[in-house]
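As structure tokens, the structure follows; a few thoughts come after it.
In what follows, chains carry the letters A, B, and so on, assigned in the order in which the sequence lines appear, proteins first and then strands, with residues in each chain numbered from 1.
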Number of protein chains: 2
Amino acid sequence: MSTVTITDVAKHVGVSVATISRHLSGFTVRNEEKIRQAIIDLNYRPSAAARNLKSGRTGIIAIVVPDITNPFFASIVEGAEGAVGEDRMILLVNTGDSRQREEKALAQLFGRVDGVIMAPLTEDEEGPSFFSQFGLPIVFVDRVTQDGEKFSTALTDNAKGATIATNHLIALGHKKIAMISGPLSTTPGKKRADGFKASLKESGLPCQYFIESDFSEEGGYAAMSALLEREDAPTAVFTANNLMTIGALHALRDRGVAVPNQISIIGFDDLDFAELINPPLTVIARDARLQGALAMELMIKQLTNGASTQPEHSMVDVQLVERGSCAPPREMQTIAFNKVDR
Amino acid sequence: MSTVTITDVAKHVGVSVATISRHLSGFTVRNEEKIRQAIIDLNYRPSAAARNLKSGRTGIIAIVVPDITNPFFASIVEGAEGAVGEDRMILLVNTGDSRQREEKALAQLFGRVDGVIMAPLTEDEEGPSFFSQFGLPIVFVDRVTQDGEKFSTALTDNAKGATIATNHLIALGHKKIAMISGPLSTTPGKKRADGFKASLKESGLPCQYFIESDFSEEGGYAAMSALLEREDAPTAVFTANNLMTIGALHALRDRGVAVPNQISIIGFDDLDFAELINPPLTVIARDARLQGALAMELMIKQLTNGASTQPEHSMVDVQLVERGSCAPPREMQTIAFNKVDR
DNA sequence: AGGTTATCTGCAATCGTTATCAGTAACGAT
DNA sequence: ATCGTTACTGATAACGATTGCAGATAACCT
């Protein structure tokens, strides 16, 4: 427990501190064996603080996420963890969706870490980027800020995902398609909403069931409830992230709305239990772990190549996982019936 | 990007470094305003490394968990995050269920952090506790090592939870009750198994469907599959954690076994979507966030009171959340039927 | 044995900050 | 004018490691 330093080891062996230091950094020294033994006997551990001070490196990479209990971000972190390598560690910061905590964290991180992988809360930044003032290497994951181009990024093909989801519903015959969107101030919020709207327009459908929510379970619940209360309710809904999908499903359940009989639903981001619910949930899936790993690789590349490195942009693909929560709209039958009726 | 030090600020203002340092630590100095301005102009940020070296404190508390993608541990982390306070940060280490990574992490953590909150992989430790060799303040959360008594702990009332679950099934009339258990080498694995076995014994029931698994989704799937293949399959099953519950549910679904009609299931740990599956899942729930917060509080107490502090042990309560996955066994009817038959 | 390398060694400076200590200026009281 | 008190300041020694430099030892060759 005592604080045994390199000097103690040197004295114990009878050599200078320089020799011990050299041994530690892998040089061959004369009393190799004696030193090794002394280190064990004294239970010596080099002071990380002193090393940092000399070298200017900490061997720590920070990951800043808005909400660690969101399985998506947990997977990002896990992926990054897996790619971090032997000689570095990860410092996790959970900003809890608070802009204030995000700022404070970034300020505190300076000097404590070699770089920051982050999913910023919002793209809306007044003036020159808030992040430029810190000389820290930054890699954006999942989300970027306005001037994100200047940094390396590991993003998802959001537009494509939204397009696939929307077209899937359109192909099934839906005309009244709703979207429960994330905040348009975030990258995925904006991009997914854009993809949705573009798909509707391309098919000549009006965009009349668009709700901007907040990526939270509660938000999804509220938005779904609002949609269901409309006189002319939609027949299908695209929820822009996992949490809102859960919220929406709760709302549907609470009101006894049958899926996909009365309403079809497709979510962005797969869920662990998507197959367990009734009916199994159709989703747009992506590899979050891979995305986290990519972000870490970009960071490490930047760290090893020095500040001169050009920013790189990687993107993970999305894909449609059809299960059972989407079906043709009930109106299809009604319309057919009407035709016969005439 | 540049590396502006306290000396630069001192020169810029025309005072000594000592004055700047004093200003930074809150003393009143003469050129207050000038200094403040210089700090902004030069964009000076005190070097954390140098401060650490002087003070011996880092302001960082590590949390070591086996698997961050497990929602339970994610909540633990979130709870701890919430209780960490203004002037400290959290360093997350995900050991990925690897003993090797756990050891390495702990060694690397030394000197980098002021304390460690950890959920160790296993209780089985040969010889004197592995952790004693590090002079780090340690708080165990959810799990302990053999000599855990010497450290502060924030645990769950595992025995009580298992007892409630088992008795719930017994009260419904089940005789053939299975348990898909976690590793008996872990605290929750052992304690929950003990509670299960004690409950059976108390009711005079044999313990013939006990499977020791590994707290993973795959493990739960395999265990459930094995149970279903037995000639004399159980009528109820108690799964010892969230992941294994998910795995078991998948196995049931894949084989088309009806819940709770053919088999009842109760899980330890609530799940976000427990209400969404069909039927809604009955579980033993606890407040993981609270547990994480408690662990952090114990750590902070230890840090502020110094090493002299007596270890404290806190425990979070559990409770039964009845939904729809448990019902009386079908045999009840069969038996009645058989009797009539004779 | 002598000379020339090739290795290894210790000394001391350095990283950026804080703590100690002695010192100076300002001010009021005598 | 002198003294004592208060309130601040600057120089300097740590904190524990790394590293360039110069010197010492060993190894090698003729």
Would you say that B:I117 contacts B:I61 through its side chain, given a criterion of any heavy-atom pair below 4.5 Å between the two side chains? yes

Take atom CD in A:Q100; do more than 12 heavy atoms of anything else shown fall under 6.0 Å from it? no

Tell me which donor-acceptor pairs under 3.5 Å the side chains of residues 46-54 of chain B have, and how far apart each pair is, sequence neighbours excluded?
unit_1, atom_1, unit_2, atom_2, d
B:S47, OG, B:A49, N, 3.3
B:S47, OG, B:A50, N, 2.9
B:N52, ND2, B:A48, O, 3.4

- Is A:Q291 reaching over with its side chain to a backbone N or O of A:V141, donor-acceptor style, under 3.5 angstrom? no

Is B:L243 close to B:F215 at the side-chain level, that is, under 4.5 Å between some pair of heavy atoms?
no

Sorted by chain and number, sequence neighbours left out, side-chain hydrogen bond (donor to acceptor under 3.5 Å, both in side chains) with B:T187 holds for B:E123

Check: Checking B:S55 side chain against B:R57 main chain: does a donor-acceptor pair fall under 3.5 Å?
Finding: yes

Atom CD1 of A:I6 and atom P of C:dG10 are separated, to the nearest Å, by 12 Å

Residues 108-119 of chain B vs side-chain hydrogen bond (donor to acceptor under 3.5 Å, both in side chains), sequence neighbours excluded, gives B:T58-B:D114

Hits for side-chain hydrogen bond (donor to acceptor under 3.5 Å, both in side chains) against A:K190, two or more places apart or cross-chain, chain-then-number order -> A:D194

Side chains of residues 63-85 of chain B: which donor-acceptor pairs under 3.5 Å do they make with residues two or more places apart or in other chains?
unit_1, atom_1, unit_2, atom_2, d
B:D67, OD1, B:T69, N, 3.0
B:D67, OD1, B:T69, OG1, 2.7
B:D67, OD2, B:T69, OG1, 3.4
B:N70, OD1, B:F72, N, 2.9
B:N70, OD1, B:N242, ND2, 2.8
B:S75, OG, B:P71, O, 3.1
B:E78, OE1, B:R289, NH1, 2.6
B:E81, OE1, A:R101, NH2, 3.0
B:E81, OE2, A:N94, N, 3.0

Using the 3.5 Å cut-off, write out each protein N or O paired with an N or O of nucleotides 11-15 of chain C and the distance between them.
unit_1, atom_1, unit_2, atom_2, d
C:dT14, O2, A:K54, NZ, 2.7

Scan nucleotides 5-8 of chain C against the protein and return all N/O pairs shorter than 3.5 Å with their distances rounded to 0.1 Å.
unit_1, atom_1, unit_2, atom_2, d
C:dC8, OP2, A:T28, OG1, 2.8
C:dC8, O4', A:R30, NH2, 3.3
C:dC8, O3', A:R30, NE, 3.3

So the salt bridge (Lys or Arg N to Asp or Glu O under 4.0 Å) pairs with at least one residue in residues 17-27 of chain B (sequence neighbours excluded) are none

Axis-to-axis angle for the helix from C:dA1-D:dT30 to C:dT30-D:dA1, ends of five pairs each, to 10°, equals 40°

Atom CZ of A:R112 and atom C1' of C:dT17 are separated, to the nearest Å, by 14 Å

Taken in chain and number order and not counting sequence neighbours, the residues that satisfy side-chain hydrogen bond (donor to acceptor under 3.5 Å, both in side chains) with A:R286 are A:D142, A:T156, A:D269

Note: chain B reaches DNA chain D at heavy-atom distances under 4.0 Å over the stretch, first to last nt, 5' to 3', of D:dC8 to D:dG16

Those residues at least two apart in sequence (or on a different chain) that pass side-chain hydrogen bond (donor to acceptor under 3.5 Å, both in side chains) with B:D41 are B:Q37

